Amino acid sequence: MLGGELDNVPAAVNYFQYDCCHHNSMVKITKGCDVVYHCAATAYEGLSVFSPHVVTQNIVTASVFALQRSDRESREEDRLLFVDGALWGQRGAVPRKLRAAATRPLRHRQGRGEQMLRNLCETHGVEYVIAVPHNIIGPRQKYDDPYRNVASIMMNLMMQGRQPTIYGDGEQKRCFSFVDDDIYCLKEMAYRPDVVGELINIGPDEEFVTINELANNIANLLKFNVNPIYMPGRPQEVKLATCSADKARKLLGYQTKVKMEDGLQAMIDHIRRKGPRPFRYHLDLEIVSELTPRTWKEKLF
């Protein structure tokens with residue numbers, strides 16, 4: 001389990017730890033299911049240009065095997081919920097109304113799973129919906145991962161008395177969606193007839209903040225005297241990455257119920273209960289060069 005914690009799984013859930021790249025395993029665990037949520041991925045945008053094999057294997061290949069599952073000849077009642085993250089971005093400011101239809105994939109692997117999904121599902125008669133949550137945050141998020149989850153990384157560092165690291169000038173802008181708001185939308189997507197074939201962004205487009213602002217917000221909640229360590233920007237990192245949630249509002253009744261400050265406080269409370277942790281460099285760097293962030297090469301976190 002690369003991106004989560006086993007103790008987050010409720011005791012009443014039938015949990016199977018299988019590799020999504022194993023076709024027979026996918027067929028076995030989805031047997032008899034009418035609705036399948038495909039959320040498994042190594043969703044590491046920044047790492048994807050330094051560990052392209054593992055990221056592609058666990059996103060593109062895993063998605064293909066997830067799409068091949070079905071135990072019956074008729075799939076008319078099947079629906080696949082394909083959950084992707086940070087699919088789209090723009091390098092310059094764009095009007096909010098246009099962001100729902102942004103057309104530039106952020107990384108080499110992004111968009112491939114979606115393209116195969118459309119092709120296979122439309123060919124074989126499987127209903128599908130594509131959900132694109134933006135920068136999910138929440139109290140049980142893995143916070144000892146040095147490669148992703150910027151808010152959790154900053155909290156873990158500050159709670160150890162260490163300064164957060166910011167790549168570039170920190171003026172990159174993002175919107176952060178609290179997990180409860182995303183779960184509501186994913187539940188609604190399971191059976192609604194008017195969402196089939198749709199790609200739906202989920203995110204609080206009312207709260208669009210820079211990474212500098214995020215660091216200051218976390219520091220204020222922790223009462224920490226923040227003085228970030230700035231490192232060179234990561235290759236191909238998009239300056240502006242947001243979304244329009246207009247379609248989610250129209251089709252799903254989405255609304256941002258948890259403000260960013262409240263979500264960050266819930267995360268801080270959780271880490272305080274669990275205790276700060278050393279970071280685990282659990283994925284190998286496949287390409288090491290002068291472009292590879294020092295934080296990863298030298299394991300600075």
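The shown structure was predicted, so the numbers you read here are calculated from the model rather than taken from an experiment.
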Can you check whether [Y]'s main-chain N or O pairs, donor with acceptor, with [X]'s side chain at less than 3.5 Å?
X: Asn135; Y: Cys175; value: yes
X: Thr256; Y: Val258; value: no
X: Glu213; Y: Thr210; value: yes
X: Tyr18; Y: Lys28; value: no
X: Gln160; Y: Asn156; value: yes
X: His282; Y: Arg280; value: yes

(request) Mark yes or no: Arg249 above the aromatic ring of Tyr254, with NZ or CZ under 6.0 Å from the six-membered ring centre and no more than 45 degrees from the axis. (result) no
(request) Decide whether a cation-pi geometry holds between Lys187 and Tyr37; the criteria are a distance under 6.0 Å from NZ or CZ to the six-membered ring centre and an angle within 45° of the ring axis. (result) no
Pair [X] + [Y]: basic N to acidic O under 4.0 Å:
X: Arg174; Y: Glu237; answer: yes
X: Arg277; Y: Asp145; answer: no
X: Glu5; Y: Lys142; answer: yes

(request) Mind checking salt bridge (charged side-chain N to carboxylate O under 4.0 Å, His left out) for Arg272 and listing every partner two or more places apart, or none if nothing turns up? (result) none
(request) Report the relative orientation of the aromatic rings in His38 and Phe82; use parallel for angles under 30°, tilted for 30 to 60°, perpendicular for over 60°. (result) tilted
When rounded to the nearest 0.5 angstrom, what is the spacing between [atom1] in [X] and [atom2] in [Y]?
X: Asn201; Y: Lys247; atom1: CG; atom2: NZ; answer: 8.0 Å
X: Leu214; Y: Met260; atom1: CG; atom2: CE; answer: 6.0 Å
X: Asn216; Y: Ile211; atom1: CG; atom2: CD1; answer: 11.5 Å
X: Met155; Y: Ile137; atom1: CE; atom2: CD1; answer: 6.5 Å
X: Ser51; Y: Leu285; atom1: OG; atom2: CG; answer: 5.0 Å
X: Ile153; Y: Asp144; atom1: CD1; atom2: CG; answer: 10.0 Å

(message) Taking Val35 as the starting point, is it possible to reach Leu251 by hopping between hydrophobic residues whose side chains are less than 4.5 Å apart?
(response) yes
(message) Please determine whether residues Ile183 and Val83 belong to a single hydrophobic cluster, defined as Ile, Leu, Val, Met, Phe, Trp and Tyr linked transitively by side-chain heavy-atom distances below 4.5 Å.
(response) yes
(request) Can you sort out the partners of Tyr167 under ring-ring contact (aromatic ring centres under 6.0 Å, His included), two or more places apart, ordered by chain and number? (result) none
(request) State which residues pass ring-ring contact (aromatic ring centres under 6.0 Å, His included) with Phe279; sequence neighbours excluded, sorted by chain then number. (result) Phe301
(message) Strictly by salt bridge (charged side-chain N to carboxylate O under 4.0 Å, His left out), give each pair with a member in residues 177-186 just once, sequence neighbours left out.
(response) none
(request) Hey, could you give me each pair passing salt bridge (charged side-chain N to carboxylate O under 4.0 Å, His left out) that has a residue in residues 283-298? Not counting sequence neighbours. (result) Arg294-Glu298
(request) Check side chain to side chain contact (heavy atoms under 4.5 Å, CB included) between Pro232 and all other residues, then give those that pass, not counting sequence neighbours. (result) none
(request) Decide if the gap between the ring center of Trp296 and the ring center of Tyr281 is smaller than 6.0 angstrom. (result) no
(message) Working note: Glu261 + Asn217, criterion side chain to side chain donor-acceptor pair (under 3.5 Å); need CA distance, chi angles, decisive distance, verdict.
(response) CA-CA 7 Å; Glu261 181 176 339; Asn217 290 342; over 6 Å; no
(message) For a quick check under 3.5 Å, do Tyr128 and Arg79 share a side-chain donor-acceptor pair by atom type?
(response) no
(message) Can you confirm whether Asp7 is buried at CG, in the sense that more than 12 heavy atoms of other residues, nucleotides or ligands lie under 6.0 Å from that atom?
(response) yes
